[in-house]
Amino acid sequence: MTTILLIEQVLNGLQFGVMLFLMAAGLTLIFGVMGLINLAHGSLYMVGAFAAAAVAGATGSFILALIASLVAAAAAGAIVELVVIRRLYDRDHLDQVLATFALILIFSEGTRWLFGSFPLFLDIPPALSGPVTLPGGIEYPLYRLVIIGVGLFIALGLFQLIARTRIGIRIRAGESDREMIAALGVDISKLYTLVFALGAGLAGLAGALVGAIQSVQVGMGEPVLILAFVVIVIGGIGSIRGALVGALLVGLTDTLGGVLLPGVFATFMEPSAATAVGSSLASMSIYILMAAVLLFKPTGLYGSA
Amino acid sequence: MSFLDVEGITASYGPSQALFGVDLALEEGEVCALMGRNGMGKTSTIRVICRLLKHSGGSVSLGGQDLGALPPHKAARAGLGLVPEGRRCFPNLTVRENLIAAARPGEWDIARIAELFPRLQERRDQMAASLSGGEQQMLAIGRALMTNPRLLLLDEATEGLAPVVRQEIWAAVRRLKSETGMAIVVVDKSLAELRGIADRAVILERGSTVWSGAMSGVTAAVADQYLGV
Amino acid sequence: ADGHGAKVKVGMITTLSGGGAGLGIDVRDGFMLAAKMAGNDNLEVVIEDDQRKPEIAVQLADKMIQSEKVDVMTGIIWSNLAMAVVPAATAQGRFYLSPNAGPSALAGKGCHPLYFNVAWQNDNLHEAAGAYANDAGYANSFILAPNYPAGQDALTGYKRMYEGELAGEIYTKLGQTDYAAEIAQIRASGADSVFFFLPGGMGISFLKQYAGSGVDLPVIGPAFSFDQGILQAVGEAALGVKNTSQWNKDIDNAANKAFVEAFQAEYGRLPSLYASQGYDTANLLLSAMGKASVTDPDAFRAALAEADFASVRGNFRFGSNQHPIQDFYVREVIKEGDVFTNKIIGASLTDHGDAYAAECSY
Amino acid sequence: MTEPLLRIEGLRKSFGALVATDDVSLTVRPGEIHALIGPNGAGKSTLIKQIAGGLPPDAGRIFFDGQDITGLGTVARARAGLGRTFQISSLAMEYTVLQNAMLGALGRAGSVWRFFRPVMQDTGLREAAMSALERVGLEEHAAQRTADLSHGQRRQLEVAVALTLQPRAFLMDEPMAGLGADGSQRLTGFLDGLRHEAPILLVEHDMDAVFALADRISVLVYGRIIATGTAAEIRANADVREAYLGAEEAG
Amino acid sequence: MTRGFLINLVLFAMLPVTALTALMLDEPFIITLTTKVAILALAGVGLNIALGLGGLVSLGHAAFFGIGGYAMGILAHHAQTFTPILENPLLIEGTKSMPVIWLVAVLTGALAALAIGALSLRTSGVYFIMITLAFGQMLYYFAISWPAYGGEDGLSIYVRNGFPGLNTLDPIQFFAITFVVLALVLGGAGRFAASPFGLALSAARQNPERVETVGLSPYRLRLLAFVISGAVTALAGALFADLNRFVSPTMLSWHMSGEIMIFVILGGVGRLFGPVAGAALFILLEHILGGLSDFWHVYLGLLLLLVVLFARGGMIGALAGRQVAHD
Ligand SMILES: Nc1ncnc2c1ncn2[C@@H]1O[C@H](COP(=O)(O)OP(=O)(O)OP(=O)(O)O)[C@@H](O)[C@H]1O
Ligand SMILES: Nc1ncnc2c1ncn2[C@@H]1O[C@H](COP(=O)(O)OP(=O)(O)OP(=O)(O)O)[C@@H](O)[C@H]1O
Ligand SMILES: [Mg+2]
Ligand SMILES: [Mg+2]
């Protein structure tokens with residue numbers, strides 16, 4: 001493998017990582033900060049992608065589609081919070097699991113009901129399509145560079161919001177003791193609805209951005225959900241910085257594992273067996289990574305005990 | 001009608017009733033000691049005032065406003081500052097963040113709290129979870145003051161504090177009372193120290209007010225009868 | 001014979017909910033269209049949703065056999081579900097007509113007199129792609145598929161016919177959505193063509209990302225990633241791609257014309273490959289019902305084996321293992337008005353059976 | 001002079017720049033109550049944690065009954081006979097009061113690896129648990145859920161569980177905190193008798209109790225022991241008055 | 001106590017009553033469905049030991065379920081193809097005898113749980129959920145791409161395995177076997193919960209620090225509970241594979257883990273009969289709603305949602321009211 005290809009693959013890994021972060025950002029917010037296990041996060045991601053596809057189909061505008069994804073998912077999130085989630089904060093985590101699992105069923109089949117069983121079309125706008133040439137002669141899709149930019153911007157914004165603003169502090173306070181923060185005069189319910197809507201909106205935006213280069217279809221949120229959980233657990237729950245680092249680690253491991261492992265095994269096995277073993281191991285690589293991280297740091301890289 | 005008016009409240013935790021008729025009245029600038037043995041309903045009374053526990057009968061009002069219908073955060077904004085039993089600092093927040101989370105405009109701000117408790121100033125960027133017990137107690141008081149309350153509720157606010165610090169806190173309470181005219185309800189186990197600051201006293205037994213009057217009226221005989229000392 | 005006119009109860013287990021439901025719906029719709037057009041009162045169909053879970057499929061098969069007492073079973077889309085259901089069904093004496101999956105295990109040693117495949121053996125479309133690659137003069141292909149049995153079969157099938165060199169051979173993760181790494185490897189490999197088998201959403205993602213990458217090597221694949229249901233989601237990225245199939249809506253015969261028209265009239269959309277297979281399956285069954293009674297399994301089996309029906313694909317007969325011997329075409333993705341669809345541009349393999357028939361003996 | 005049961009030598013622990021325990025040495029002898037007092041944040045609980053095993057010290061040794069236990073974990077130390085109460089109650093909240101006490105008795109009996117005999121019908125354990133509850137005055141509440149106890153009642157239960165362990169030495173972190181005046185008086189009387197069963201290292205801010213109970217008092221300030229002595233000696237110590245007792249207590 | 005006891009009794013009796021009624025009405029499929037409920041309930045009982053008593057929220061129990069399934073699949077596969085599993089260093093042959101298969105399933109399940117648990121129990125809370133998921137996924141991907149036993153296609157066993165003296169192909173007899181196994185395990189689990197070990201384990205869930213200070217190691221308590229839990233779930237897996245005469249990697253997927261967990265939550269976490277109630281309700285809904293519409297998942301979702309929102313403590317919790325801790 002040439003150096004330039006290796007560099008390109010590292011870039012791909014980083015890029016995939018940022019994409020994962022985009023998906024995980026909303027989840028960290030809801031899960032880490034509000035302490036709510038929201039399995040339906042993937043569904044909100046799907047809602048965003050479908051809203052974007054529908055609006056792009058009707059208007060032809062990608063910007064409008066992105067706005068639609070944000071609004072639709074945030075609205076769905078707010079409704080879900082008001083109707084369901086709000087009754088679950090002081091319940092066991094397991095009740096949250098069951099309720100949000102039920103929401104997945106409703107969202108997925110509801111979307112299929114509305115949009116049919118076939119994947120929808122959502123493509124990147126012409127202005128962002130095609131490759132650009134990076135220094136070093138690497139050709140790289142422009143749209144992916146844009147995703148990296150958006151991901152980093154969101155990371156920074158969220159970090160500021162949670163760590164620095166008074167709202168962020170109050171949200172975190174509410175996570176450890178809702179009754180106490182209310183006794184201090186903070187309307188934590190309203191705050192949580194807002195946070196949930198924000199997290200949902202981010203998921204929806206991610207769905208639209210990523211959906212444009214992947215397939216927009218029912219069930220698209222599920223694999224993402226698992227990956228996003230892996231990411232935030234590796235990074236440490238509640239830590240935006242952790243989510244970013246975790247996402248990059250997972251992105252790199254997944255990409256480089258798939259690329260390098262078959263080659264590594266080929267050095268001492270016959271090629272077809274090496275491909276088979278290498279690829280199976282590559283499929284497991286992020287889970288091996290997560291297990292390894294948790295064994296050495298039982299609360300993730302940036303998590304507090 | 002008094003500034004704080006608690007009349008005949010009854011309340012239950014699920015099926016078990018904890019309060020059977022508590023009366024308590026307090027004027028601005030007054031300090032009321034709420035006394036009784038363990039498990040007699042002092043904390044429950046305070047929780048009812050803060051709306052953290054719903055009462056099933058009786059009424060609670062503050063400055064003429066009925067608190068009964070309000071959710072806890074609205075009651076708090078009506079002027080309640082709570083130092084809860086067991087401190088309940090936000091463990092995952094730093095000292096500073098604990099104070100900021102509670103802040104509402106008024107004369108109490110971080111600088112003044114730092115003056116009151118220099119120890120907190122030293123530890124301002126430490127997570128509340130790793131503070132010593134006494135430090136957490138100071139933080140809980142500081143946090144309640146940051147809401148700039150009209151009525152301060154101190155539930156065992158000096159538990160676990162060193163004697164010097166306790167004296168400082170009582171001095172601070174006296175100052176609050178005379179300078180700001182804040183009304184204060186205080187639960188504490190040291191009768192001697194309460195005598196030094198309280199104007200009135202209410203004694204609870206099995207969830208009911210069994211004695212109330214001026215603090216000076218809590219004679220040795222009364223204390224022996226109701227408090228067992 | 002006196003069996004004419006006997007009732008036949010068909011149990012259809014297919015995927016109607018969750019991911020992949022589109023395929024099952026098309027098979028069902030194609031099948032039911034044929035049944036409706038035939039207007040044969042003796043055909044009764046019960047339909048169940050397997051949710052794409054093998055365990056559920058097995059239990060539904062039990063239900064159909066034990067409670068519904070069906071005579072013929074059909075409907076399964078996925079190879080792994082077929083592997084779970086078909087052996088059990090045939091062991092209990094039911095006919096099974098496969099409208100989609102054709103795993104090699106059921107074509108070779110595991111073949112069964114009561115099992116008929118009305119679609120293709122799994123390797124077929126990939127073999128056709130390999131043959132087309134030779135015709136097109138490709139000599140250095142890069143090939144990729146997901147790491148599971150059907151993916152391994154796909155690459156084996158392609159390599160069986162393809163005569164050139166391999167620039168690279170990759171197994172991707174099942175369900176993978178990002179292909180930047182693979183595309184970079186393709187770019188660096190010096191290949192002259194790309195063959196891929198990535199069913200469902202995986203194929204959509206790959207094609208979109210491939211189109212945006214600036215790599216412009218020709219791409220070939222089996223029809224699955226370019227079928228009617230999925231093409232609209234891929235959009236421009238698929239335009240011009242060559243894919244192999246045993247059917248297309250422009251195959252010129254009367255049966256096909258009638259089918260395409262009736263399907264559009266009935267459901268308001270263009271038929272897909274899967275719909276055509278469901279339609280053929282029903283017509284095969286109806287043809288046998290006209291000749292023999294299902295209560296006489298030997299006669300009914302012989303009637304099925306004759307394949308005496310007008311297939312929408314044109315040529316169709318069964319080989320010794322009761323898998324199709326048929327023609328395979330090369331299609332190109334085009335745009336007709338607003339709709340993306342396929343056009344046949346040539347033949348790839350004619351009168352082609354499968355590689356496992358020799359291993360089959362009853 | 002009797003051989004000390006618990007001996008700590010040169011213990012040291014820091015959190016970042018903060019030295020929470022600074023070269024602390026002390027002993028607890030059979031039959032005595034050794035009180036540890038000091039300002040908030042002086043490092044008393046940190047010291048207790050290191051002795052009980054929850055926190056590994058940076059340097060120093062801990063000997064229990066002549067045996068070096070520095071390397072042992074919490075569980076092993078508890079089994080060796082160190083009983084502990086927490087400054088902030090640490091109980092199984094869903095259990096009844098009796099079940100919490102039974103848990104202690106079970107730990108004492110060491111018969112936990114039994115899977116089929118109903119534990120609540122084990123009369124031996126039950127009696128041990130009930131007698132501990134009686135000693136702290138919680139017997140009436142035995143069937144109550146722990147979560148439904150008032151704060152002070154939980155503090156009593158905390159002591160009761162430590163009693164069921166029948167330890168050879170007690171580490172008590174502010175057992176009086178949260179008790180009413182009558183409760184404190186009662187517990188003081190109780191601890192007074194308890195010292196003959198097992199000596200106590202007592203952390204407490206309730207000076208009435210400390211002066212009434214302690215055979216010896218050590219004063220910890222900023223992680224260092226600045227004085228050790230009898231109640232009278234400590235009361236008279238000017239440094240202690242300034243750092244800890246304040247004006248009134250000294251009066 | 002009495003009311004809860006009554007509910008449990010009714011729930012439990014429901015299974016054989018349904019099966020026998022189906023037998024009389026000649027509806028063998030209903031018997032099969034009831035058998036499925038019993039088996040999935042068994043898996044739930046296994047999980048509930050870790051989840052309800054020990055507070056160990058494992059999202060990787062499909063690993064044990066699948067291991068049990070593959071224990072059955074591999075043994076029976078070798079027996080049906082007359083090939084040995086291992087020749088060197090010692091000869092191991094396949095088998096079609098249920099008791100032997102169960103033993104192997106329980107042992108391998110326990111071993112796997114020991115290995116996974118020993119590592120995973122270093123973490124807690126959500127991290128534990130995710131690390132168990134990770135181990136489950138590793139096994140899942142391994143099974144998918146491991147060609148020896150069919151990869152994603154799975155393994156079909158043509159004839160159900162045998163049990164001495166019974167005809168396992170007869171639905172009612174196979175049901176009887178699973179029901180007896182379930183009854184025995186439920187009985188054992190009930191005693192287990194009330195035992196000294198159960199008391200300590202449950203205390204470790206509520207407050208590990210407290211358990212340490214009375215001289216018990218939460219880690220060891222939990223590990224043993226996890227191993228027992230894994231073994232029971234593996235047994236259920238072996239039965240499930242036998243019910244379907246088929247095993248595939250979907251038995252190892254996280255959906256399966258999730259589903260077993262749903263049974264437990266639906267019925268009531270920590271309730272002995274919770275998994276029975278949960279599995280029965282879920283299968284019933286799936287069966288009834290599945291026929292109503294292509295979009296039946298929406299209704300299923302709505303119903304589940306109603307249960308969580310309005311039935312605190314699961315179905316049994318809602319029916320029996322707040323249970324005073326077992327005394
Ligand atoms: N969360 C609860 N659930 C059920 N019962 C409770 C709860 N909290 C307190 N109780 C009961 O209510 C009664 C009053 O308790 P409360 O906490 O008000 O007493 P207190 O006077 O503050 O006691 P202490 O001095 O010990 O703090 C007690 O008998 C207690 O058992
Ligand atoms: N994990 C930690 N990280 C950082 N600082 C800590 C940690 N644990 C304790 N400290 C600090 O160490 C000092 C000693 O704490 P400790 O709890 O031992 O005090 P204490 O003497 O028990 O006080 P109190 O009487 O108030 O309970 C305090 O200043 C505390 O903030
Ligand atoms: Mg109280
Ligand atoms: Mg302390």
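All values derive from a computational prediction rather than experimental measurement. Every chain is numbered from 1 and lettered A, B, ... according to where its sequence line falls, protein lines coming before strand lines.
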K.L.:
Between atom CZ of E:Phe29 and atom CG of C:Leu60, what is the distance when rounded to the nearest 0.5 Å?
P.N.:
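If we round to the nearest 0.5 Å, E:Phe29:CZ and C:Leu60:CG are 6.0 Å apart.
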K.L.:
Kindly indicate, with the supporting measurements, whether the criterion side-chain contact (heavy atoms from CB on, under 4.5 Å) is fulfilled by E:Ile144 and C:Asn147.
P.N.:
CA-CA 8 Å; E:Ile144 276 194; C:Asn147 193 19; over 6 Å; no
K.L.:
Working to the nearest 0.5 angstrom, can you tell me the gap between E:Asp26 CG and C:Ser67 OG?
P.N.:
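Spacing of CG (E:Asp26) from OG (C:Ser67) equals 8.0 Å.
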K.L.:
Is E:Pro28 close to C:Lys63 at the side-chain level, that is, under 4.5 Å between some pair of heavy atoms?
P.N.:
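Of all side-chain heavy-atom pairs linking E:Pro28 with C:Lys63, none is under 4.5 Å.
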K.L.:
Please classify the contact of C:Lys53 with chain E as side chain, backbone, both or neither, using a heavy-atom distance under 4.5 Å.
P.N.:
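Only the side chain of C:Lys53 comes within 4.5 Å of chain E.
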K.L.:
Is it the backbone or the side chain of C:Asp49 that comes under 4.5 Å from a heavy atom of chain E, or both, or neither?
P.N.:
side chain
K.L.:
For C:Gln51, is it the side chain, the backbone, both or neither that has a heavy atom under 4.5 Å from a heavy atom of chain E?
P.N.:
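It is the side chain, since no backbone atom gets that close.
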K.L.:
Can you tell me which portion of E:Phe246 sits under 4.5 Å from chain C's heavy atoms? Options are side chain, backbone, both or neither.
P.N.:
side chain
K.L.:
Determine, stepwise, if the pair C:Glu55 / E:Ser248 fulfils side-chain contact (heavy atoms from CB on, under 4.5 Å).
P.N.:
CA-CA 8 Å; C:Glu55 288 79 12; E:Ser248 83; 3.8 Å; yes
K.L.:
How close do C:Asn80 and E:Glu152 get, heavy atom to heavy atom, and via which atoms?
P.N.:
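Looking at all heavy atoms of both residues, the closest pair is CB-O, 3.4 Å.
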K.L.:
Which residue in the set E:Arg160, E:Arg245, E:Lys36 passes salt bridge (charged side-chain N to carboxylate O under 4.0 Å, His left out) when paired with C:Asp62?
P.N.:
E:Arg245
K.L.:
What part of C:Ile56 gets within 4.5 angstrom of chain E, counting heavy atoms only: side chain, backbone, both, or neither?
P.N.:
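Interface part for C:Ile56: side chain.
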K.L.:
Is chain E contacted by the side chain of C:Arg28, its backbone, both, or neither, given a heavy-atom distance below 4.5 Å?
P.N.:
side chain
K.L.:
Less than 4.5 Å apart, side chain to side chain, heavy atoms only: is that true for E:Asn244 and C:Gln59?
P.N.:
yes
K.L.:
List the atom of E:Thr250, the atom of C:Pro54, and the distance in Å for their closest heavy-atom pair.
P.N.:
OG1-CG, 3.5 Å
K.L.:
Using non-hydrogen atoms and a 4.5 Å limit, figure out which bit of C:Ala91 sits close to chain E: side chain, backbone, both or neither.
P.N.:
neither
K.L.:
E:Phe295 vs C:Ser17, test: side-chain contact (heavy atoms from CB on, under 4.5 Å). Steps then yes/no.
P.N.:
CA-CA 7 Å; E:Phe295 304 103; C:Ser17 68; over 6 Å; no
K.L.:
C:Met83, C:Gln152, C:Glu48, C:Glu68: which one forms the most heavy-atom pairs within less than 4.5 Å of chain E?
P.N.:
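It is C:Met83.
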K.L.:
Taking C:Pro87's backbone N and O only, do any of them form a donor-acceptor pair with E:Ser156's side chain (distance below 3.5 Å, no angle check)?
P.N.:
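Not a single qualifying donor-acceptor pair exists.
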K.L.:
Please flag which part of E:Tyr141 lies under 4.5 Å from any non-hydrogen atom of chain C: side chain, backbone, both or neither.
P.N.:
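Side chain only.
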K.L.:
In this structure, are over 12 heavy atoms from other groups packed under 6.0 Å from E:Phe163 atom CZ?
P.N.:
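Above 12, so yes.
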